[in-house]
Amino acid sequence: MLHAHTDFACRLAALLGLLCPLLGSAATTVGLPQPRLVPGGIAVIAVGPSSAAAPEVFQDGHRVLVVDADSQWQAIVGLPLSLEPGEQFVEVRRGGSDKEKRSLVIESKPYATQALTVEPKHVDLSKKDLARYNKESKRLAELFSNFTAKPPPTLAFGAPVDGLRSSSFGLRRVFNGQSRNPHTGMDIAAATGTPVAAAAAGIVIEASNYFFNGNTVIIDHGQGLISLYCHLSRINVSAGQHMSQGQNLGLVGATGRVTGPHLHFSVMLNHAWVDPELFLPAASNTE
Ligand SMILES: [Zn+2]
């Protein structure tokens, strides 16, 4: 009789979308990224047992990815490169007016400066190119503000190409003697024509040519986790396409603002570019 009662409670919990605490939840293989509490890094914060409904978490007003890992809801918080070191907060909302501030202590990480020489047209933009760039920036801002509710099936990325990974994420960049935005991704050395694989499953939200990024594919993995692949010589997918992990999306190239062929690979969390290395398996070939 007791057993039947427990079974009923479990079914009721399942109906409510809750995990039955009496049965426990199976160990997950969500593959959490490496935490690193620096600008451009990631914080992993336990925000409550996954037997309860998932809370909504926000960083600087942007919704944060929350996944179930080992019976806990874990908030996977992207820490923007522009974040000030010191105490910072994320907000945890559990419905109604229940808002909790969680404190994080961000360490400083000085990023070096990198000087690069590229074609002058990619530094001093013509009126026409500037208009194009402004239009593209607006388009990207729209794409990046999407928050799809379905969480990614895994956070353990596969390398999009084999090759020497430069540790150039976050570098302040000077192109032809002029200061520009920091480097928001990782460059992987590979020859033109090398196949590029989706780092994880997701939906293609952009497959198009951009002034700086060249031929670009953007994949939405769910809940604000987005990956971007740039300078491709060829795009093999189109917007709206569902991708499985490792599926080919195009070929390495040297389109856009580049010094030579390579793959530029970026990862975004809650609207913040984070170091892609934190999602990838350890490489023996990091520069
Ligand atoms: Zn790059």
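First listed ligand is number 1; within each ligand, the first listed atom is number 1.
- Looking only at its N/O/S atoms, Asp187 has OD1 as the one nearest to the Zn ion (ligand 1).
- Contact check for Leu263 versus Cys230: no side-chain heavy atoms found under the 4.5 Å cut-off.
- Contact annotation: His264 places an N, O or S atom under 2.8 Å from the Zn ion (ligand 1).
- Using a cut-off of 2.8 Å, one finds that His183 contributes an N/O/S atom close to the Zn ion (ligand 1).
- Within the cation-pi definition used here (under 6.0 Å to the ring centroid, within 45° of the axis), Arg257 qualifies as a partner of Phe212.
- Remark: side-chain polar atoms of Asn176 are paired, donor with acceptor, to backbone N or O of Val118 under 3.5 angstrom.
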- [ ] Just do the ring-ring contact (aromatic ring centres under 6.0 Å, His included) check on His221 and Phe157 with the steps written out, would you?
- [x] CA-CA 11 Å; His221 304 287; Phe157 279 8; 5.3 Å; yes
